[in-house]
Amino acid sequence: MTNPQTLPVWASLQAHQKELETQSLKTLREDQARQEKLTLTLENITGDFTRMPATIQTLDLLFALAHGQNFEAMRKSMFEGEKINLSESRPVLHTALRSTQVQPLFVDGQDIMPLIRQTRMRMESFVRAVRTRQQRGFTGKPIDTIVNIGIGGSDLGPHLLCQALKDLEGVQSAQAPALFFVNNLDSAALRDVFKTCNPQTTLFLLVSKSFTTQETLVNARHAKNWLNKAMGEMAHTQHFLAVTANAQGARDFGIINPDMIFPMWDWVGGRFSLWSAASLSFALLAGWNAFATLLAGAAKMDEHFKTASLPENLPAMAALLELWVLNFWAVPAIAILPYAQRLELLPAYLQQLEMESNGKSVSRQSEPLSYSTGPIIFGSCGTSCQHSFMQWIHQSPTALLSSFIGIKHDPLALEDTHQALLKNLKAQAQALEIGTSADDPARTNPGNRPSMILWLDRLTPFTLGQLLAFYEHKVFTQSILWNINAFDQFGVELGKTLARE
């Protein structure tokens, strides 16, 4: 990996962009061979990239860029556990959390696969104990309420899962506990918990990789006081569970039962941790089978990303085409537009995944960059976004990339409303493509604005696992192309340090 601007193909892409500037998306879409190359399907998920300003020649140049940045070798290095997080000298193995492989995978001489399998078994056992009301609190009453205290990756991923899949049969079961999320120093959410919940039947999940996160520990101490005030000085010992890489920190806090401490590992970054015990809240809410199916969907995307060639590789294709418009068409931002209310938290989740990963200004060799890396990520659900910021997307002088997510079939939806929802999605993509002209300039839409559509057949734990793993691999691929480290986040540390001081 090197500065991509030093590769001859970078200059070729710049020249190619000048050639395409005068061609309309509508004209490009008349090429059937191009349409086929820009539509990729992996079982339950399809990427429609036909409204991107790209030709077959563009794809060939982008593939050459990926080869020039040693994409295949870097992809192999990640899956094999090499220390590709150079600044922290760590491997990057969130994919191992959903793997079913039996062969060993070593980190610093230790096979991590038995650790992962053991933790899954512990998680499954705990989920069954809570959902069958065998898990008891300090006074002997069964636990029926879960409060997840965490922030960033310890909240966004699990919260998204619970919101997106809240209609599952397991969530609707009488076994499902009540669930709350507390993720901010603002005590409003915690006050609601104290007003609503019974301390005798409430279990707090403290999710913090370092167990030093200020927001999480402040809220945890208030929860601890609430429990002990209601039931006695040691009540908290049976009402807290920690998910952390700092077991001693959890013990110092007062979680003295080792069965109530679940591991996280240095080789999994916080924003990639939803596949671990960090998502116990979702497993408790929906049941173990739902969580296992989520892992299976992600593993399916892992295998595809690991083995598919670039022309057939769904995450890599999306990564290349996004880089094409970000770096060569001066597009500064991506709007994440799920046309599904249950995915309303997806834009916030992807903000962290993408902007914390690729919002970097130095290379893997610690050299200043002379080109843009991670874009601004924002978004909201369709169709509500059509009545807010979509005006800017259609008529602003600055074009950005619109990334639509659609669910083809929703057995729970009213059929007429679901069809209207999908028609609106397609209409927005078409409007961005073709625009409209009018005698009144204020009524003119320029069109030729890039967009892509990800279609899920249905929204299930399996397809959601596929979708989230797709985004992870897209982000990683772009970090390879930009020659940056997607797996550190030193930009967040200064503010934390100053707040502590």
> For the ring pair Tyr339 and Trp455, is the centre-to-centre distance below 6.0 Å?
Replying inline: no
> Angle class for the Phe476/Phe305 ring planes (parallel below 30°, perpendicular above 60°, tilted otherwise)?
Replying inline: perpendicular
> Between Arg120 and Leu295, what is the shortest heavy-atom contact and its length?
Replying inline: NE-CD1, 4.1 Å
> If every non-hydrogen atom of Ile84 is compared with every non-hydrogen atom of Met78, which pair is closest and at what distance?
Replying inline: CD1-CB, 3.7 Å
>> When you compare the side chains of Glu215 and Thr213, does any donor N or O come within less than 3.5 Å of an acceptor on the partner?
In response: no
> Under 3.5 Å, is there a donor-acceptor pair between the Gln175 and Thr132 side chains?
Replying inline: no
>> Against Asn183, only a single residue in Asp155, Asn219, Asn148 fulfils side chain to side chain donor-acceptor pair (under 3.5 Å); can you say which?
In response: Asp155
>> Check this for me, if you would: do Glu354 and Lys474 make a salt bridge, where the nitrogen-to-carboxylate-oxygen distance has to be below 4.0 angstrom?
In response: yes
>> Check this for me: does any side-chain nitrogen of one of Lys83 and Asp108 sit under 4.0 Å from a carboxylate oxygen of the other?
In response: yes
>> Ignoring hydrogens, what is the shortest heavy-atom contact between Ala96 and Leu105? Give both atom names and the distance.
In response: CB-CD2, 3.9 Å
> With distance as the sole criterion, is a donor-acceptor pair present between the side chains of Arg128 and Gln134 under 3.5 Å?
Replying inline: no
> Taking the side chain as C-beta and beyond, is there a heavy-atom pair between Phe79 and Asp302 under 4.5 Å?
Replying inline: yes
> Distance from Thr244 atom OG1 to Ile261 atom CD1, nearest 0.5 Å?
Replying inline: 8.5 Å
> How about Asn327 and Trp482: does a side-chain donor come under 3.5 Å of a side-chain acceptor?
Replying inline: yes
> Side-chain donor-acceptor pair under 3.5 Å between Thr463 and Thr460, yes or no?
Replying inline: yes
>> Between Gln365 and Asn483, do the side chains contain a donor N or O and an acceptor N or O under 3.5 Å apart?
In response: yes
> Under the 3.5 angstrom rule, does the side chain of Asn44 hit a backbone N or O of Phe462 as a donor-acceptor pair?
Replying inline: no
>> For a 4.5 angstrom cut-off between non-hydrogen side-chain atoms, does Gln466 reach Lys300?
In response: yes
> Are a donor atom and an acceptor atom from the side chains of Thr201 and Asp144 found within less than 3.5 Å of each other?
Replying inline: yes
> How about Glu312 and His304: does a side-chain donor come under 3.5 Å of a side-chain acceptor?
Replying inline: no
>> Please give me the minimum heavy-atom distance between Gly254 and Thr237, naming the atom from each residue.
In response: O-CG2, 3.7 Å
> Would a 4.5 Å heavy-atom cut-off, applied to side chains only, mark Ser154 and Lys209 as touching?
Replying inline: no
>> If the threshold is 4.0 Å, N to carboxylate O, is there a salt bridge linking Arg98 and Glu472?
In response: yes
>> Looking at Gln172, I want to see if its CD is surrounded by more than 12 non-hydrogen atoms of other residues, nucleotides or ligands under 6.0 Å.
In response: yes
> Is it the case that more than 12 heavy atoms not belonging to Glu233 sit under 6.0 Å from its CD atom?
Replying inline: no
> What's the spacing between Ser479 OG and Arg364 CZ if we round to 0.5 Å?
Replying inline: 7.0 Å
> Does the side chain to side chain contact (heavy atoms under 4.5 Å, CB included) test come out yes or no for Phe262 and Phe126, once each step is laid out?
Replying inline: CA-CA 11 Å; Phe262 284 74; Phe126 186 77; 4.2 Å; yes
> Side-chain donor-acceptor pair under 3.5 Å between Ser451 and Ser402, yes or no?
Replying inline: no
>> Show the nearest heavy-atom pair for residues Met301 and Pro315, with the distance to one decimal.
In response: SD-CG, 3.9 Å
> Side chain of Arg131, backbone of Gly170: donor and acceptor closer than 3.5 Å?
Replying inline: yes
>> Whether the Ser210 and Asn246 side chains hold a donor-acceptor pair (N or O, under 3.5 Å, no angle test) is what I'd like checked.
In response: no
> Taking atom types as modelled and ignoring hydrogens, do the side chains of Glu88 and Trp267 form a donor-acceptor contact shorter than 3.5 angstrom?
Replying inline: no
> If you take all heavy atoms of Met52 and Leu401, which pair is closest and at what distance?
Replying inline: SD-CD1, 3.6 Å
>> Heavy-atom count check: over 12 atoms from other residues, nucleotides or ligands less than 6.0 Å from Lys408 NZ?
In response: yes
> Quick one: does Phe181's side chain get under 4.5 Å of Leu179's, heavy atoms only?
Replying inline: yes
> With a distance cut-off below 6.0 Å to the six-membered ring centre and an angular limit of 45° from the axis, does Lys224 pair with Phe253 as a cation-pi contact?
Replying inline: yes
> Do the side chains of Phe180 and Ile146 get nearer than 4.5 Å, heavy atoms only?
Replying inline: no
> Does the pair Lys76 and Glu80 meet the rule for a salt bridge (Lys or Arg N to Asp or Glu O under 4.0 Å), with working shown?
Replying inline: CA-CA 6 Å; Lys76 184 173 183 286; Glu80 292 186 353; 2.9 Å; yes
> What class does the angle between the rings of Trp324 and Trp329 fall in, given that below 30° is parallel, 30 to 60° is tilted and above 60° is perpendicular?
Replying inline: perpendicular
> Can you find a heavy atom in the side chain of Val102 that is under 4.5 Å from one in the side chain of Met113?
Replying inline: no
> Do Val268 and Met264 have side chains that get closer than 4.5 Å, going by heavy atoms?
Replying inline: no
>> Quick check: do Asn257 and Leu241 have side-chain heavy atoms less than 4.5 Å from each other?
In response: no
>> Can you confirm if the NZ or CZ of Arg90 lies within 45° of the ring axis of Phe487 and under 6.0 Å from the centre of its six-membered ring?
In response: no
> Does the side chain of Ser87 pick up a donor-acceptor pair with the side chain of Asn485 at under 3.5 Å?
Replying inline: yes
